Amino acid sequence: MAVRAFSKGLLGLRHSRGVLTKYSSAGQTVSAAASVSSPQPQPDDVAEKILNVPLEKPDFFRVAELFSLKDLFDARVHLGHKKGCRHRLMEPYLYGCRLDQDIFDLDQTVEHLQLALNFTAHIAYRGGIILFVSRRRQFGHLVESTAKDCGEYAHTRYWQGGLLTNANIQYGPGVRLPDLIIFLSTLNNVFQQHVGIRDAAKMNIPTVGVVDSNCNPSLVTYPVPGNDDTPVTMELYCRLFKMTINRAKDKRKQMELLYGLNAPSSSS
Amino acid sequence: MSLPVANMAAARVCSTVPVLLKCGNYSFSVNVATAKLSKQVICRHISRNSALCRKNLAAAGPEKFTAEFIQKQIEEFNIGKRHLANIMGEDPENFTQEDIDRSITYLFPSGLFEKKARPLMKHPDEIFPKQRAVQWGEDRRPFHFLFYTGKQSFYSLMHEIYGKMLNIEKHQDRLRSKGLFSKDGQKISLGMSRWFTKEELEASLVENISTHDYERFIQVMERLLSMPYCGAEQEFVLRFRQLLQAQSRNQVVPPLQKDEDGVAFSAADGCRKSSISSVVLRDCGSGRVSINGQDSLLYFPVLQDREQLMFPLQFTGTLGRFDLRGTVSGGGRASQAGALRLAISRALLSFLTPSDGEMMRQAGLLTADPRVRERKKPGQEGARRKFTWKKR
């Protein structure tokens, strides 16, 4: 589970070829890029160390401690839509159906959420751009404030067609696209799948998405099956993502100080 | 960026080349180098159509200038300014923009009618349109948290307004819990103002907005104003309102002066079509009228013109009270009379109460007649008259 997370996590990143060469045996898709550059092992290099140390432990940022199953239950994450709205591909994530309302399997949700938060933490640690997307008008302000507090970016408005696929013309030449997109609701206002999911898949950008029982989880890299309609649930998700990102960024500053102080003494 | 594209595209092409050959005519052909995929960098020649090489000029938008280019232009302008000052034999240190304009009109006299087509030397900030600076820093992370929406200033404004509305609602709830809530509360006094137009909003945000966005903005602001306790956000709301030009122009009353004999008099000007007149009204009670040195009977033989002169005095009931001395030039008979009438009405204002002045304004005595001769258009006989239409 951890190895899969790492190989998937490394897929979307454009820098640190040295890391790719080390893990070339882990996934077959990585080997093509690995053979292009020759391996340059420099264990004393401070930058290499800062990037590699978090990859040694499975849950380096201890995101599993941020929430428990009971918190999810209290925030009503397990409540899905009615049986008639159910998407066929969401059936594996459902525990059952009570009085026609779908109930999510919170054990699976806990696992998926831990994976998603771990991945977000690693991206934030490496200084990646995170984009929060949600087209629910009820929670737009909440999502934008969360993004502002983390120091990341948000898009809760009408999604113009070429924002990701035609970025050089939309924003200007040389723009940097997001390294991770977090969908706090994968549907748009007409109950169709948000265009951003398909566009992110086209542009090789990994996605984390809260998928409700009427959503299609196929193109989302790290789906988190759960409720996306209740204010309590959305506040929980926003709080969790904010805490992980802040934790990861603080950890990064800590590591830079730590290894930055150690490096002059060791290299001399 | 070219490397992964080559890899992916080469993988796809190997499978589709046989398909292309089968399908026949295409405007471009793809030649695949036979080198193996995995080891080397692949160099492929793709022969392209001329349509692909043509630049999409419409999609590029207005021409963009880099910051270095503008900086270079500013330096060149400053050096050129000093050279120009030396040419004109003036002090390079204190060479202002008016001096520059004067020198350019002297050195490059132009007979062109269009002022904007004449030779021009101005600071580059006035010539090149204002553009947004680059929106991201050295690590290429954008500065603004709503950058990826495309319209960051507009959406951050909407975010701010919504945040203020939430704060007001929280405040209202707190007051309600204490029992101090009242329907009237603190409202914002708008005065004589209107919302910004779409163009003004675009100018203040330095961003393009659609009409739909503008309508949403107005709706949200109206909703903010409708809340009982919105007084706290007064200056924020007034930032987006434009004061209407009230009728402040007509309050200009000519000052009442006294000459050596202690007689009060006032002077005023008037114009109509191409006549201009200047009138002095003296409060001596004689009722004499002299225009350009001549009596009104001699200067205006037609009754209609004399009636025009008399009308303001008759309207205010001051016919025999004032002594009139006026000069008028330009125009014809009736327009001179109209110019004098306007001048008399304006001069009368200083002798009357404001309510009488308001009555004169409502009677139309104080409004300058804007009608002028309409020009003749080509293809027509006159301004409106068309040539005779002949069926065959």
Side-chain angles (χ1 to χ4, degrees), chain A residues 11 14-15 17 29 31-37 126-133 135 137-164 166-179 181 196 199-200 203-205, chain B residues 1-8 10-11 36-42 55-56 58-61 64 66-67 131-152 154-167 169 208-210 212-213 216 220:
Chain A
L11 211 66
R14 317 221 191 289
H15 36 255
R17 296 285 184 113
T29 44
S31 58
S35 55
V36 174
S37 64
R126 286 159 173 265
I129 295 182
I130 301 181
L131 183 65
F132 286 86
V133 175
R135 199 56 182 106
R137 299 238 328 242
Q138 231 179 331
F139 309 118
H141 187 84
L142 173 67
V143 169
E144 285 182 346
S145 332
T146 316
K148 207 164 162 181
D149 294 333
C150 303
E152 299 296 340
Y153 307 87
H155 184 105
T156 58
R157 311 284 174 169
Y158 176 72
W159 182 278
Q160 281 180 312
L163 284 186
L164 291 182
N166 203 13
N168 280 333
I169 303 206
Q170 285 275 353
Y171 303 115
V175 71
R176 182 176 157 189
L177 285 180
D179 297 308
I181 303 188
D199 282 354
M203 302 302 289
N204 282 353
I205 299 173
Chain B
M1 197 58 202
S2 57
L3 201 55
V5 169
N7 281 336
M8 284 175 355
K36 291 195 186 52
L37 271 179
S38 54
K39 298 294 174 195
Q40 298 147 354
V41 175
I42 292 175
K55 280 197 282 197
N56 191 352
K64 296 205 173 59
T66 54
Q131 272 156 15
R132 286 198 133 163
V134 170
Q135 302 286 322
W136 48 83
E138 268 185 13
D139 55 353
R140 289 167 68 209
R141 281 182 77 104
F143 296 128
H144 200 275
F145 77 108
L146 290 177
F147 170 76
Y148 288 104
T149 55
K151 302 183 215 178
Q152 60 185 45
F154 176 71
Y155 286 134
S156 76
L157 174 66
M158 299 293 271
H159 176 81
E160 222 186 302
I161 300 174
Y162 194 75
K164 289 189 194 290
M165 273 171 45
L166 288 176
N167 284 341
E169 277 175 10
N208 288 332
I209 321 171
S210 73
H212 184 73
D213 292 332
R216 280 290 302 149
V220 165

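All values derive from a computational prediction rather than experimental measurement. Reminder, nothing fancy here: chain letters follow the sequence lines and each chain counts from 1.
Counting heavy atoms from C-beta outward, B:Y148 and A:L163 have side chains that stay 4.5 Å or more apart. The closest side-chain heavy-atom distance from A:R157 to B:M158 is below 4.5 Å. Taking the side chain as every heavy atom from C-beta outward, A:S145 and B:H159 approach each other to under 4.5 Å.
Contact between A:I129 and B:P142 at its shortest, heavy atoms only, is CD1-CD, 3.8 Å. Residues B:L146 and A:E144 approach most closely at CD2-OE2, 3.7 Å, considering heavy atoms.
With rounding to the nearest 0.5 angstrom, the NE2 atom of B:H144 is 7.5 Å from the NZ atom of A:K148. Rounding to the nearest 0.5 angstrom, the gap separating the OH atom in B:Y162 from the CG atom in A:L142 is 10.0 Å.
In terms of heavy-atom pairs under 4.5 Å with chain B, the best-connected choice from A:V133, A:L131, A:V175, A:T156 is A:V175. The candidate from A:C150, A:G174, A:G172 with the greatest count of non-hydrogen atom pairs under 4.5 Å with chain B is A:G174.
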